[in-house]
Amino acid sequence: MLKLYDVDISSRLLLGTAQYPSPATLMDAIKASQTEIITVSLRREMSGSKSGDGFWGLLRSLELRVLPNTAGCHTVKEAVLTAQMARDVFSTDWIKLEVIGNHDTLQPDVFALVEAARILAKDGFKVFPYTTDDLVVAERLLEAGCDVLMPWCAPIGSAMGPLNVHALRSIRGHFPGVPIIVDAGIGRPSHAAAVMELGFDAVLLNTAVAKAGNPVSMASAFAKAVGAGYQAHHAVMLEPRDLAVPSTPVIGKAVFT
């Protein structure tokens, strides 16, 4: 069981809700993923519109936990205001905090991220910060009041998979008691399995499912991959060896002359 801010979660796959070809496909993909947490981007221009109300109503009908995010925000002020709006719309103090610093890579502005996290945590929010794999930034976010970390493994939507396994392994090792969710850059189920094998607690993804040829089938594949990676890590995997080691004993074998 995964515990996030004192809430027990069975599924270790969090799923985004953007870019799907149709609402029906989105609904089917969510069900196939077996997720219990869906992320939603709150756009100010959609607030109060009929299309926005219909979308929120559709998601609420699933009776899953909603994790609003501040996608598209580039300043502390913008991120904090968006989080406050999301709390009013969704009646939740959970927020996935994004403060983007680079337009090309969508890399977080980690300085603004820490500042926004501190403001929101003091305001009673349960902050899920989208961050880099930097250990110092992670420490600052925890000091700011975050109980969960969400490092990227590659730029958002790039589908490149884990680019710096050493950094991911380090951040996992430095914070053994902190729930850490790998967010952004995962493109294939094998990527999800690989990061879960490193000991991470969960995976959050969107584009890899939404833009797949068959989003529903892909959602199911990711659910299986996340579960397999988690199980493999806790089963204690065999480490790579420099030399071949026979699986069949050579001592006591028959000798033919």
Side-chain angles (χ1 to χ4, degrees), residues 1-20 23-31 33-100 108 112-113 115-131 141-142 144-150 178-179 181 183-184 201-206 209-210 219:
M1 190 72 70
L2 173 61
K3 186 178 289 293
L4 300 173
Y5 287 104
D6 295 325
V7 175
D8 291 329
I9 305 294
S10 297
S11 173
R12 294 178 181 272
L13 174 61
L14 289 69
L15 196 64
T17 56
Q19 304 181 28
Y20 286 82
T25 300
L26 168 61
M27 296 285 280
D28 290 342
I30 290 174
K31 294 174 183 176
S33 72
Q34 302 177 40
T35 187
E36 297 174 39
I37 301 174
I38 52 177
T39 66
V40 180
S41 175
L42 181 65
R43 298 291 183 178
R44 290 181 186 169
E45 63 268 24
M46 295 181 65
S47 180
S49 69
K50 291 183 178 179
S51 61
D53 288 343
F55 182 66
W56 309 146
L58 183 70
L59 296 180
R60 286 193 183 97
S61 70
L62 295 171
E63 298 183 348
L64 300 175
R65 183 169 289 274
V66 174
L67 176 62
N69 67 43
T70 62
C73 293
H74 291 78
T75 66
V76 172
K77 182 178 180 180
E78 188 179 15
V80 170
L81 179 58
T82 301
Q84 292 169 340
M85 291 172 60
R87 179 166 58 184
D88 292 338
V89 171
F90 295 106
S91 300
T92 179
D93 56 7
W94 281 24
I95 192 72
K96 177 188 173 186
L97 180 61
E98 297 183 25
V99 186
I100 301 302
L113 179 68
E115 183 180 350
R118 182 173 291 108
I119 293 171
L120 291 173
K122 287 182 179 179
D123 193 23
F125 281 90
K126 308 297 189 296
V127 182
F128 293 69
Y130 162 61
T131 183
L141 288 168
L142 295 175
C146 300
D147 289 348
V148 176
L149 296 172
M150 298 181 66
V178 177
I181 303 168
D183 178 21
D201 297 286
V203 164
L204 193 161
L205 52 88
N206 186 161
V209 171

Could you work out, with side chain to side chain contact (heavy atoms under 4.5 Å, CB included) as the rule, every residue matching P68, not counting sequence neighbours?
V66, A86, F90, T92, I95
Interatomic spacing from CD1 in I37 to CD1 in I181 - rounded to 0.5 Å
6.5 Å
Does a side-chain heavy-atom distance below 4.5 Å link R12 with D201?
yes
Evaluate the side-chain proximity of I9 to L14: yes if any heavy-atom separation is below 4.5 Å, no if none is.
no
Run the side chain to side chain contact (heavy atoms under 4.5 Å, CB included) test against V178 and tell me which residues pass, sequence neighbours left out.
L142, L149, F175, I180
For N69, enumerate each residue passing the side chain to side chain contact (heavy atoms under 4.5 Å, CB included) test, keeping only those at least two apart in sequence or located in another chain.
T39, S41, A71, K96, E98
State whether the side chain of Y130 and the backbone N or O of P108 hold a donor-acceptor pair below 3.5 Å, judged by distance alone.
no
Just by distance, do the side chain of E36 and the backbone of S10 share a donor-acceptor pair under 3.5 Å?
yes
CG/L15 to CG/L67 distance, rounded to the nearest 0.5 angstrom?
12.0 Å
Mark yes or no for whether T35, through its side chain, and L13, through its backbone, hold a donor-acceptor pair below 3.5 Å.
yes
Taking side chain as C-beta onward, heavy atoms only, is F128 less than 4.5 Å from L204?
no
Side chain to side chain donor-acceptor pair (under 3.5 Å) against T25, all qualifying residues, sequence neighbours excluded
S22
Set of residues satisfying side chain to side chain contact (heavy atoms under 4.5 Å, CB included) with respect to D8, sequence neighbours excluded:
M1, K3
With a cut-off of 3.5 Å and sequence neighbours excluded, list every side-chain donor-acceptor pair involving residues 117-126.
unit_1: D123; atom_1: OD2; unit_2: R87; atom_2: NH2; d: 2.9
unit_1: K126; atom_1: NZ; unit_2: D93; atom_2: OD2; d: 3.1

